[in-house]
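These numbers come from the heavy atoms of this one structure, side chains and all, not from hydrogens, waters or symmetry mates. Reminder, nothing fancy here: chain letters follow the sequence lines and each chain counts from 1. Values in this document were obtained by computation on a predicted structure and should not be read as measured data.
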Protein chains: 2
Amino acid sequence: MDKENRVSITVIRRLPKYYRYLGELLKKGINRISSQELSKMTGFTASQIRQDLNNFGGFGQQGYGYNVEELHHQLGKILGLDKTYNTVIVGAGNLGQAVANYKGFEDAGFKILSLFDKNPKLIGLKIRDIEIRDVDELEEFIKENDVEIGIITTPKENAQDIADIYVRSGIKGIWNFAPADLKVDDDIIIENVHLNESLFTLSYFLNNKSDYVRN
Amino acid sequence: MDKENRVSITVIRRLPKYYRYLGELLKKGINRISSQELSKMTGFTASQIRQDLNNFGGFGQQGYGYNVEELHHQLGKILGLDKTYNTVIVGAGNLGQAVANYKGFEDAGFKILSLFDKNPKLIGLKIRDIEIRDVDELEEFIKENDVEIGIITTPKENAQDIADIYVRSGIKGIWNFAPADLKVDDDIIIENVHLNESLFTLSYFLNNKSDYVRN
DNA sequence: TTTAAATGTATATAATTTTTTCAAATACTA
DNA sequence: TAGTATTTGAAAAAATTATATACATTTAAA
């Protein structure tokens with residue numbers, strides 16, 4: 001797939017939401033859904049939903065709609081959720097522990113093999129049977145355990161150093177919670193969770209509410 | 001400001017990043033910056049940066065560029081960071097504690113007055129001098145303490161109930177970490193941090209790397 | 001004093017994203 | 001079974017967003 005045909009990032013970012021709603025429908029035992037109903041649920045327009053899905057194939061049927069289980073399954077495959085990933089977390093503070101404790105990630109195939117920290121008080125402790133190791137052992141651990149995804153929950157001062165170790169160790173993707181833009185090789189995928197930026201955006205809209213509500 | 005003149009959301013979401021980089025420059029003691037240099041730092045084009053800033057006024061000077069301190073200050077004002085906000089967190093698990101422990105939010109003017117939970121084992125404990133209270137006291141606490149922002153770090157099953165309490169109590173904005181889309185009145189600002197969606201997006205790009213790298 | 005650098009602003013162009021439209025297929029009802 | 005309503009997929013149109021260009025004006029620096 002060349003640049004012309006690749007699916008735009010805005011579309012990709014909507015897929016997890018579709019996936020989530022379809023999962024909820026599945027749980028409720030609903031096995032058929034139309035783009036119009038999905039529109040009501042998700043807030044996206046029906047035509048946008050149809051177009052988004054058609055980037056990956058025709059999963060629906062005219063006059064019928066979509067089979068919930070099938071579409072959920074296909075979206076899971078598209079998002080790569082049919083595989084499992086070995087991950088590690090560097091930064092075993094509250095945020096690292098919060099991520100480690102969230103069982104939802106493991107259910108989706110993201111296995112957290114270990115936490116790492118440089119604080120001696122934390123090293124050796126366990127979070128849900130996941131051991132906290134010395135960050136000095138990070139590189140070796142990654143290489144020996146086929147770790148694909150590295151999670152960064154350190155203060156921003158250490159984030160780039162950890163990213164460097166990740167890249168050196170052969171990690172393929174970084175999930176970064178530190179408020180910094182990491183510099184890495186082009187072929188490393190970075191996904192940022194910038195809590196600061198999210199909170200500041202909320203603050204902006206609070207102060208400019210009238211411009212955006214009901215317009 | 002009507003719909004025609006309001007600033008687009010894509011612009012708004014870039015402001016916190018400008019603000020962050022300017023803060024870093026300020027710390028380094030750099031007091032002058034050009035759009036071209038900002039472009040190199042942020043990855044946005046110089047003309048886009050100039051256009052973004054000009055949505056709010058002409059903060060620069062021909063032949064000179066921008067005064068770092070002044071621009072940082074102005075962006076802070078635009079983002080509403082020149083005020084302080086009273087906030088509360090419902091959900092005192094790891095994630096709630098992580099947010100409560102992050103001093104950066106307080107430095108930016110977001111004061112966390114209290115955490116709330118329904119788990120008796122947590123109620124009464126303190127995180128950095130912030131008390132964990134029974135969620136039954138939430139509504140009264142909000143009304144008595146002029147709380148403007150409500151943070152939700154509960155499991156998704158409870159998120160909507162908490163949102164309802166928030167709205168009923170007069171909260172103006174919700175920062176939601178639960179993987180759910182909350183239904184609230186139109187004039188309530190919601191900012192979501194959907195970690196699941198972020199991780200799944202990372203997963204997608206890992207599996208379709210070749211389409212997006214160097215194209 | 002002259003030259004280089006830089007913004008602000010308008011305009012043009014390109015790229016991207018969303019909406020509209022409608023033929024074709026299916027489901028449903030009488 | 002026939003007729004009607006529903007629904008997708010796909011193409012085209014429209015709208016939005018991003019980028020580039022141009023240049024008068026201002027400042028800095030040589």
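For A/S34, the side chain to side chain donor-acceptor pair (under 3.5 Å) partners two or more places apart in sequence, or in a different chain, are A/E37. With sequence neighbours excluded, the residues satisfying side chain to side chain donor-acceptor pair (under 3.5 Å) with A/K103 are A/D107. In this view, B/K183 and B/Q160 satisfy the side chain to side chain contact (heavy atoms under 4.5 Å, CB included) rule, not counting sequence neighbours.
Proximity of A/S8 to the phosphate of C/dT17: a side-chain N or O atom is located under 4.0 Å from OP1 or OP2. The phosphate of C/dA5 (OP1 or OP2) has no side-chain N or O of B/S34 nearer than 4.0 angstrom. A close approach under 4.0 Å does occur between a side-chain nitrogen or oxygen of B/S35 and OP1 or OP2 of C/dT7.
Atom pair A/Q48:CD and C/dT16:P shows a separation of 16 Å (rounding to whole Å applied). Atom pair B/F59:CZ and D/dT26:P shows a separation of 20 Å (rounding to whole Å applied). Remark: P of D/dT27 and CG of B/N67 are 14 Å apart, rounded to the nearest angstrom. In this structure, CG of A/N55 is placed 14 Å from C1' of D/dA11, rounded to the nearest angstrom. The CD-P distance, from A/Q36 to D/dT8, rounds to 8 Å in whole Å. Protein atom CG of A/L53 is 12 Å distant from nucleotide atom P of D/dA10, rounded to whole Å. Taking atom CZ of residue B/R6 and atom P of nucleotide D/dT16, one finds them 10 Å apart after rounding to whole Å. If you measure from atom CD1 of B/I33 to atom P of C/dA5, you get 16 Å, rounded to the nearest angstrom.
An angle of 20°, rounded to 10°, separates the two end axes of the helix from C/dT1-D/dA30 to C/dA30-D/dT1, each defined over five pairs.
Of the N and O atoms on the side chains of B/N176 and B/N192, at least one donor lies less than 3.5 Å from an acceptor on the other residue. A donor and an acceptor atom, one from each side chain of A/N86 and A/D146, are nowhere located under 3.5 Å apart.
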#### Entry: Working for salt bridge (charged side-chain N to carboxylate O under 4.0 Å, His left out), residues A/D181 and B/K17
CA-CA 9 Å; A/D181 295 311; B/K17 182 159 287 185; 3.4 Å; yes
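Of the inter-residue distances, the one linking A/I130 atom CD1 with A/L113 atom CG reads 8.5 Å to the nearest 0.5 angstrom. The CZ atom of B/R6 sits 10.0 Å away from the CD1 atom of B/I12 when rounded to the nearest 0.5 Å.
Looking at residues 11-28 of chain A, you'll see that no heavy atom sits under 4.0 Å from any atom of DNA chain D.
Judged by distance alone, with hydrogens and angles left aside, the side-chain atoms of B/R50 form no donor-acceptor pair with the main-chain N or O of B/S35 at under 3.5 Å.
The B/Y66 side chain lies nearest to C/dG8 when the options are C/dG8, D/dG9, C/dT18.
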### Query
When you check every protein heavy atom under 4.0 Å of nucleotides 21-30 of chain C, what one-letter string (B, S, -) results, 5' to 3'?
B--BBBSS--
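Among the atoms of the strands shown, none is found under 4.0 Å from any heavy atom of A/F44.
Taking the six-membered ring where tryptophan is involved, the planes of A/H72 and A/Y19 are essentially parallel, since the angle between them stays under 30° and well short of 60°.
Aromatic rings from B/F110 and B/W175 are positioned such that their centres are separated by 6.0 Å or more.
Annotation for A/I9: atom CD1 does not count as buried by contact number, only 12 or fewer foreign heavy atoms lying within 6.0 Å.
One N or O donor and one acceptor, one from the side chain of A/Q51 and one from the base of C/dT19, sit under 3.5 Å apart.
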